[in-house]
Amino acid sequence: MLAENLSVVNERIARACARSGRVPGDVQLVAVSKFHPAEAIAEAVGLGLTVFGESRIQEAKAKIPLAPSRARWHFIGHLQSNKARDAVALFEMVQGVDSLDLASELQKQADKQSKTLPVLLEVNMAGESSKFGWSPTTVLESMEALGSLRRLEIQGLMTIAPYADDPEKVRPVFRKFRELRDRCADRLGAALPVLSMGMSGDLEVAIEEGATMVRVGTALFGARPKMGGRLPE
Ligand SMILES: *Cc1c(COP(=O)(O)O)cnc(C)c1O
């Protein structure tokens, strides 16, 4: 089942790239393995997937040691500052840096661990109260302060588009997000090559609008199992 799902997802990525004059190698697939067991990750690694997204530190701490060592890990959720030390130790990238406080704490922990940490800044494009992330205005205003955190390598931006039954409806959100990236790069005085946008339901539109990274869970692994009696978001 995973093998079939993966070929469907790869095909969707390839078609979206073809439509927009891009090549599939331009788009990194992050397999979102949150709530799925280590066995599913091992199977995915066997099929050639390399980058996995997890959204909770506790869960990642338990699963990462059980997964094949070839797997690489991106933190994609909301990170509390008191988990920054673990995040720096476990993950090769933290997507979803959503405040200066968190960025400063990551800087401090990266410094202690003598590491440089690639990060993406999460932007809440539609101002949804259910989501974390900077507003477009505050992220722009924070670029200078963020740029001074030498242990962080700001590679780009990440967003979760509002849910829409028809993904065409979120095309303008993705487009504005890319424009915001360009303005942030200007402010920073450095390129921000990574645009992490697009998930199971809207990856085609995201790629057509310039995504360089798509984060796909359900379309690969199926519906997420319930954990601890509550539905994972
Ligand atoms: C869970 C999650 C995803 C994956 O969503 P799907 O709709 O299952 O593909 C992507 N990005 C983030 C930040 C997530 O939390």
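Predicted model, so just to flag it, every value in this text is computed and none were measured. One-based numbering, in listed order, for ligands and for the atoms of each.
Checked by distance only, ligand 1 and G217 come closer than 3.5 Å through their nitrogen or oxygen atoms. Inclusion of T218 in the set of residues having an N or O under 3.5 Å from an N or O of ligand 1 is warranted.
Looking at K63 and E54, a side-chain N of the basic residue comes within less than 4.0 Å of a carboxylate O on the acidic one, giving a salt bridge.
Atoms of ligand 1 found under 4.0 Å from any heavy atom of R215, numbered from 1 in the order shown, are 4 (C), 9 (O), 10 (C), 11 (N), 12 (C), 13 (C). The contact set between ligand 1 and V216, taken as ligand atoms under 4.0 Å from a residue heavy atom, comprises 9 (O).
Side-chain contact between K61 and D86: present, with at least one pair of heavy atoms (C-beta onward) separated by less than 4.5 Å. The shortest distance between side-chain heavy atoms of T50 and V45 does not fall below 4.5 Å.
Remark: distances from the non-hydrogen atoms of R224 to ligand 1 include one below 4.0 Å.
Between the side chains of Q95 and S196, at least one donor-acceptor pair of N or O atoms lies under 3.5 Å. Defined by atom type and a distance below 3.5 Å, a donor-acceptor pair is missing between the side-chain atoms of Q107 and E105.
Of the candidates S196, S200, G53, S200 brings a heavy atom nearest to atom 9 (O) of ligand 1.
Only side-chain heavy atoms of K34 come within less than 4.0 Å of ligand 1; its backbone N, CA, C and O stay farther off.
For the ring-ring contact (aromatic ring centres under 6.0 Å, His included) test, residues two or more places apart in sequence or in another chain that qualify with F91 are F75.
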